[in-house]
Amino acid sequence: MLKKITTTATALLLATLTACGSADSGASGGAGGKTDKITMGFAQVGAESGWRTANTTSVQRSAATAGVELKFSDAQQKQENQIKAIRSYIQQKVDVIAFSPVVETGWDAVLLEAKRAKIPVILTDRAVDSKDDSLYETFLGSDFVLEGEKAGKWLTENSQGPVNVVELQGTTGAAPAIDRKKGFEKAVAARQDIKIVATQSGDFTRAGGKQVMEALLRSTPDIDVVYAHNDDMGLGAIEAIKAAGKTPGKDIKIITVDAVKAGMEALAAGEINYIVECNPLLGDQLMDLAKKVLAGEEVPKRVVTEETTFTPEQAKAALPTRQY
Ligand code: GYE
């Protein structure tokens, strides 16, 4: 009796293995459909900030996990380089193009070329300003206006007038620079005693933030608050403020956006006062959207990332498990 059961079990196991084997060879033999092996051309903005580095790592890791072949290019914050990269992806006949537009305008021509070549485009992180939304499938990224509003709201709740603010803007013409400015201005509009006394681009880099802040410290008296569109520029401003003999976080309060590790450490140390989070870990969602688009599934035209804000205490609590 026992022997009989064992024999039956062995037979069943064999049958299962054989079935698996044939299923496997069927898949690897491949019908050659687009979802078998996806090739994605990804035109990244550059490597200007901690956020960007984390974003690049996320996209590369998620592509590997999802079995997507990634062709990656770094445009060094230049639109012409991104356009070239997109054109080369079209020539290489990739299955899907994803990119984070360095600035909002000037994309229609190249996106039309992709459309004519029937290569779907996914916008990630930053938006384009175009009347024709058939030029891309979906846009995955943060609500930058909301981020600016959160920064401004904190200031209205944590200051007494008069308050002189200097704004370190991101890259001129970039969606996060335009929208973070807009959101902040909206949030502080009701407070007549909060004034943006100077606003200048530091190009989202630490060196840019430092340089702009050095000049502003010389030209602009009585700066109470720095609102920097990202952590890196805020960190550059900290260096300039210290060099001018002032204490960042006390003599001059600092609000930034992103919440990358270096920013969170400065926040925990009291040199930054408040950070609005912007999540760079978009890789998994991007691969998921690409697979759906190529499988002919409906995807939402806009996918917004969930984000939070951090005070120094919250930064201390979050830092030990912060991934980037
Ligand atoms: O905040 C900044 C980066 O587009 C959201 O670009 C991104 C921004 C991010 O350089 O650090």
Side-chain angles (χ1 to χ4, degrees), residues 42-59 74-79 81-82 98-105 107 122-129 136 139-151 167-184 200-212 226-238 254-267 272 274-283 285-286 302-310 322-324:
F42 186 88
Q44 181 59 292
V45 167
E48 74 282 3
S49 65
W51 190 100
R52 188 64 53 198
T53 317
N55 179 248
T56 293
T57 307
S58 165
V59 170
D74 171 339
Q76 299 183 331
Q77 297 229 73
K78 291 201 178 74
Q79 182 172 34
N81 292 347
Q82 268 192 320
F99 85 115
S100 174
V102 59
V103 292
E104 276 191 341
T105 54
W107 299 103
I122 298 177
L123 301 179
T124 166
D125 159 32
R126 297 185 183 176
V128 297
D129 182 2
Y136 60 92
F139 165 37
L140 162 68
S142 311
D143 181 339
F144 300 133
V145 177
L146 184 62
E147 290 173 351
E149 280 177 23
K150 288 177 185 171
E167 181 182 35
L168 304 184
Q169 284 192 50
T171 303
T172 308
I178 296 167
D179 292 352
R180 285 173 186 164
K181 179 171 184 47
K182 201 190 286 169
F184 185 84
Q200 217 173 306
S201 171
D203 213 14
F204 278 132
T205 66
R206 192 187 280 228
K210 184 176 178 216
Q211 209 184 329
V212 170
V226 171
Y227 166 46
H229 288 185
N230 78 344
D231 289 345
D232 288 73
M233 291 190 296
L235 293 165
I238 288 175
I254 303 179
I255 308 166
T256 66
V257 186
D258 273 357
V260 295
K261 206 165 230 158
M264 293 285 270
E265 281 164 358
L267 178 61
I272 293 179
Y274 192 62
I275 301 186
V276 177
E277 185 185 42
C278 179
N279 187 1
L281 306 180
L282 304 176
Q285 278 172 292
L286 175 61
R302 176 79 171 101
V303 182
V304 185
T305 330
E306 294 272 321
E307 281 145 3
T308 183
T309 55
F310 294 98
R322 198 80 182 151
Q323 280 185 55
Y324 55 92

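Counting begins at 1 with the first residue of the sequence. Just follow the structure's listing: the first ligand is 1, and inside any ligand the first atom is 1. Note that these values count all heavy atoms, side chains included, but never hydrogens, waters or copies made by symmetry.
- Contact annotation: the side chain of W51 never approaches that of N230 to less than 4.5 Å [non-hydrogen atoms, C-beta and beyond].
- The heavy-atom pair separating S49 from F204 by the smallest distance is CB-O, 3.8 Å.
- Under a 4.0 Å criterion applied to the non-hydrogen atoms of S49, ligand 1 contributes the atoms 2 (C), 3 (C), 10 (O), 11 (O).
- Below 4.0 Å from some heavy atom of F144 lie the following atoms of ligand 1, by number and element: 5 (C).
- Nearest protein heavy-atom neighbour of atom 7 (C) of ligand 1: D125 OD1, 3.3 Å.
- Proximity of M233 to ligand 1 is not established, as no heavy-atom distance is less than 4.0 Å.
- Here is the list of ligand 1 atoms found below 4.0 Å of a heavy atom in F204: 2 (C), 10 (O).
- Scanning both residues, C278 and S142, for their nearest heavy atoms gives SG-OG, 3.3 Å.
- Scanning the protein heavy atoms around atom 10 (O) of ligand 1, the nearest turns out to be E48 OE2, 2.5 Å.
- Residue E147 does not touch ligand 1, judged by heavy-atom distances below 4.0 Å.
- Between W107 and Q79, some side-chain heavy-atom pair lies under the 4.5 Å cut-off.
- The nearest pair of heavy atoms linking Y324 to E277 is OH-OE2, 3.8 Å.
- Contact of the H229 side chain with the E147 side chain is not registered, since no non-hydrogen atoms from C-beta on lie closer than 4.5 Å.
- Interface of C278 with ligand 1, defined as ligand atoms under 4.0 Å from a residue heavy atom, comprises 5 (C).
- Ligand 1 has an N or O atom lying under 3.5 Å from an N or O atom of R52, backbone or side chain.
- Every atom of ligand 1 is numbered from 1 in the order shown, and the set under 4.0 Å from a heavy atom of P176 is 4 (O).
- Remark: side-chain polar atoms of R52 are not paired, donor with acceptor, to backbone N or O of P280 under 3.5 angstrom.
- Taking a 4.0 Å cut-off on heavy atoms, D258 registers as neighbouring ligand 1.
- For the residue pair T256/D231, the side-chain donor-acceptor check at 3.5 Å is satisfied.
- In terms of N/O distances under 3.5 Å, ligand 1 is approached by N230.
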